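First up is the structure itself, then whatever we jot down about it.
Given the structure is predicted, the values throughout are model-derived calculations rather than measurements.
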Amino acid sequence: MPNPPAQDRTVVDLPAGRLRGAIDGGVTVFRAVPYAAPPVGDLRWRPARPHAGWSGTRDATTDGPSAPQMYVEGGDPVLGGHGSPPFDEDCLTLDVWTPAADDARRPVLVWIHGGGFVSGSGSLPGYSGRTFARDGDLVVVSINYRIGPLGYLYPGESGDGGDDEGGNFWLTDQLAALRWVKENIAFFGGDPDCVTVAGQSGGAVSTAALAGHPQTEGLIRRVILQSPPFGLELPGPAAYLERTAAYLELAGAKDLAELRTLPWPQLIAAGGGLFAQTVRWGYWPTPFLPVIDEVTLAGHPARALLTGAAAGIDVLIGWTREEANFGFALDEGYAAATREQVVDRIAETFGAEAAQGVYAAYERARPGARPADVLMDLVTDELFRVPALRLAEARAAAGSPVWAYQFDLPTPAYEGRLGAAHCLELPFVFDNFDQWSHAPFLAGLAPAVRDGLAYAMHRAWIAFVRSGDPNHPDLPRWRPYDTDTRTTMRFDSVVTALDDLAGASRLLHTPAPLI
């Protein structure tokens, strides 16, 4: 069925049915478009199923519910609100921004939100695709998917047989969304053969998992990995089932069948209890994680980008200079950390004999560092910077395309304690600070510096999506990462391409294999 006459920019006909969207800042946006069946009732903790479609014209002018998650009015002291009420299990929808629903076959950017596997939403204002569609002539898709216990709980063998054995329901959602893009994005003026998937934090783990998944071969041309926590040790089935047993007890259920009868707010509350049980001093808390179940996920997502078809995908990867400040810098408990506590924490990674020397190395790298500063630099390296460097090194050594960056601009918010924290690059990448007015971590940034850096980053991301090369006329020459120069773009008040920018961290944590 052909699209309606060109004069009506807000209507698109899909195989599933007709949509009516709205004009948003000069581009057309279609919100809350279903890409899979609602995962409710008996479909809880089952792989995503195809959506049955609809009759008539579906209103696509309002965002649908976000995935169920813990929510505190006003949000956290760094990001402000990171969820987007209302919440509901019927959340498998996506938003699409397009300059025009025509046959132009524009490059496509698919955004996967982060949030520690327990929070976030693809329909948050900060993730609006309007700026990318407008400035880059791109079609942008942002997805919601199951998170927290509904997306990441590993139930073990269900006994149902077939494709229900396994976990990672979040991944089955995202695979369904990518298939939807392949089958439908041409109706929105996009090119299904030129898709870049981008994600930040947990969304970057998703992006890597998708890129290396056998079901996505030919569906992804490029990936952008912003602050992937590749240092996380992902459990196998046996280890995860211990966590599942603890969750069942917290939820007051004996098995999965009983869990399916509980209202989702009770499931989310039990997840909060699991958070408290799994927290460890000096580690980023992760009550829910992907599981390497050998069914839906065969190995660590970082390794997936080194073999098979994924080795040929263009990769842009980076981190912020002080990732861990996001979770630790404003915590008074960590501010009071002692040198002995931090040395003991270092010993868990480097061994007792090396711990004092590693502490001294971190202390030298940051003159005047408190024990808390050493701890935050250690966590940043372990969880984000060093694993990203290892992936860049491995891809470069194999001749696979990879570009690396570090975001260095510190925020003056909270007397500068956050530095260049986790998530701080997001509004610069999207270049949409008006959509982040709720976020405390942006307070005090000088508009001229802020806007200049945002222009440089935003245009680099657009260039990469369009061509696989992030260079543009207003950026210093950015060479691919290789094992000779290790060129890394430093995004700061002055943007500079530097050789081996994170060399001190790389050498301190060498030798160590990619997970």
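No side-chain donor from either of W436 and D434 sits under 3.5 Å from a side-chain acceptor of the other. Looking at Y127 and N432, their side chains never bring a donor and an acceptor atom within 3.5 Å of each other. No side-chain N or O of Q406 forms a donor-acceptor pair with one of T488 less than 3.5 Å apart. Checked by atom type, the side-chain pair H458/D135 shows a donor-acceptor distance below 3.5 Å. A donor-acceptor pair shorter than 3.5 Å can be found between the side chains of T349 and E382.
Legend: residues meeting side-chain hydrogen bond (donor to acceptor under 3.5 Å, both in side chains) with Y481, ordered by chain and number and at least two apart, are E393. Applying the side-chain hydrogen bond (donor to acceptor under 3.5 Å, both in side chains) test to E415 and every residue at least two apart in sequence or in another chain returns R417. Under the side-chain contact (heavy atoms from CB on, under 4.5 Å) criterion, T380 pairs with E323, A324, R385, not counting sequence neighbours.
Residue pairs meeting the ring-ring contact (aromatic ring centres under 6.0 Å, His included) criterion with at least one partner in residues 202-229, sequence neighbours excluded, are absent.
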List the steps and the verdict of salt bridge (Lys or Arg N to Asp or Glu O under 4.0 Å) for R31 and D24. CA-CA 11 Å; R31 303 183 186 274; D24 177 20; 3.7 Å; yes

Apply salt bridge (Lys or Arg N to Asp or Glu O under 4.0 Å) to the pair R506 and D500, showing each step before the final yes or no. CA-CA 9 Å; R506 179 178 58 80; D500 207 11; 2.7 Å; yes

Apply ring pair (Phe, Tyr, Trp, His ring centres under 6.0 Å) to F430 and W111, showing your working. CA-CA 11 Å; F430 281 84; W111 176 254; 5.0 Å; yes

Output a table of donor-acceptor pairs, distance under 3.5 Å, between side-chain atoms of residues 139-148 and any protein atom two or more places apart or on a different chain; print 'none' if there are none.
| residue | atom | partner | partner atom | Å |
| --- | --- | --- | --- | --- |
| S142 | OG | G122 | O | 2.6 |
| N144 | OD1 | S121 | OG | 3.2 |
| N144 | OD1 | G122 | N | 2.7 |
| N144 | ND2 | P65 | O | 3.4 |
| Y145 | OH | H113 | O | 2.6 |
| R146 | NE | D173 | OD1 | 3.2 |
| R146 | NE | D173 | OD2 | 3.0 |
| R146 | NH1 | R46 | O | 3.1 |
| R146 | NH2 | R46 | O | 3.0 |
| R146 | NH2 | D173 | OD1 | 2.7 |

Side-chain donor-acceptor contacts of residues 179-188 below 3.5 Å, not counting sequence neighbours, with atom names and distances?
| residue | atom | partner | partner atom | Å |
| --- | --- | --- | --- | --- |
| R179 | NH1 | Q215 | OE1 | 2.9 |
| K182 | NZ | D193 | OD1 | 2.8 |
| N184 | ND2 | W180 | O | 3.0 |

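D408 has its side chain out of reach of T320: every pair of non-hydrogen atoms, C-beta onward, lies at least 4.5 Å apart. Side-chain atoms of V342 and Y362, non-hydrogen and from C-beta on, never get closer than 4.5 Å to each other. Side-chain contact between L418 and P410 is absent, with no heavy-atom pair separated by less than 4.5 Å. Considering only heavy atoms from C-beta on, F441 stays 4.5 Å or farther from F326 through its side chain. At a threshold of 4.5 Å between non-hydrogen side-chain atoms, the residues T10 and I23 count as touching. Residues R222 and I220 have side chains not in contact (no heavy-atom distance under 4.5 Å, counting atoms from C-beta outward). Taking the side chain as every heavy atom from C-beta outward, Y455 and R450 never approach each other to under 4.5 Å. In this structure, the side chains of Q226 and L426 come closer than 4.5 Å at one or more pairs of heavy atoms.
With H422 as the fixed residue, the ring pair (Phe, Tyr, Trp, His ring centres under 6.0 Å) test singles out one of W319, F384, F328: F384.
The two atoms that bring A133 and P99 nearest to each other are O-CG, 3.4 Å, heavy atoms only. Of all heavy-atom pairs between A48 and A36, the closest is CB-CB, 4.1 Å. Closest approach of V402 to A396, counting heavy atoms only: CG1-N, 4.1 Å. When all heavy atoms of G21 and T61 are compared, the pair lying nearest together is O-CG2, 3.4 Å. Here the shortest heavy-atom pairing between P476 and N471 reads O-OD1, 3.7 Å. The minimum heavy-atom distance between T216 and A211, with the atom names listed, is OG1-O, 3.9 Å.
Centroid-to-centroid, the aromatic rings of F288 and F117 stay 6.0 Å apart or farther. The six-membered or imidazole ring of F407 lies away from that of F491, with a centre-to-centre distance of 6.0 Å or more. In this structure, the ring of W97 has its center no less than 6.0 angstrom from the ring center of F132.
For the atom pair CG (L475) and OG1 (T496), the distance works out to 10.0 Å, reported to the nearest 0.5 Å. The line from CG of D8 to CZ of R20 is 5.0 Å long, rounded to the nearest 0.5 Å. Distance check, rounded to the nearest 0.5 Å: CZ of R370 to CD of E363 gives 12.5 Å. The line from OG of S493 to CG of L409 is 6.5 Å long, rounded to the nearest 0.5 Å. Remark: D95 CG to T93 OG1 distance equals 6.5 Å, nearest 0.5 Å. Summarising the geometry, atom CG belonging to L109 is positioned 10.5 Å from atom SG belonging to C194; distances are rounded to the nearest 0.5 Å.
In this structure, D314 contributes its side chain and V223 its backbone to no donor-acceptor pair below 3.5 Å. Side chain of D102 to main chain of A104: a donor-acceptor pair is present (N/O by atom type, distance under 3.5 Å, no hydrogens or angles). Side-chain atoms of S400 come within 3.5 Å of backbone N or O of A311 as a donor-acceptor pair. Checking side-chain atoms of Q200 against main-chain N and O of L225 turns up no donor-acceptor pair under 3.5 Å. Checking side-chain atoms of T487 against main-chain N and O of R479 turns up no donor-acceptor pair under 3.5 Å. Here the side chain of S201 pairs no donor or acceptor atom with the backbone of G203 at under 3.5 angstrom. Checked by atom type and distance alone, the side chain of T98 pairs as donor or acceptor with a backbone atom of A100 at under 3.5 Å. Checking side-chain atoms of H300 against main-chain N and O of G231 turns up no donor-acceptor pair under 3.5 Å. In this structure, the side chain of R466 engages the main chain of D137 through a donor-acceptor pair within 3.5 Å.
The pair D431-R459 fails the salt-bridge criterion, with no side-chain N (NZ, NE, NH1 or NH2) lying under 4.0 Å from an Asp/Glu carboxylate O. Salt bridge present: R366 and E322 bring a charged side-chain N and a carboxylate O closer than 4.0 Å. Using a cutoff of 4.0 Å between basic side-chain nitrogens and carboxylate oxygens, D499 and R486 are not scored as salt-bridged.
At most 12 heavy atoms of other shown residues, nucleotides or ligands fall within 6.0 angstrom of atom CD in E217.
Classified by interplanar angle (parallel below 30°, tilted 30° to 60°, perpendicular above 60°), the ring pair W461/W478 is tilted. Classification of the F428-F433 ring pair by plane angle, with boundaries at 30° and 60°, yields perpendicular.
Cation-pi contact between R345 and Y283: present, with separation from the ring centre below 6.0 Å and deviation from the ring axis of at most 45°.
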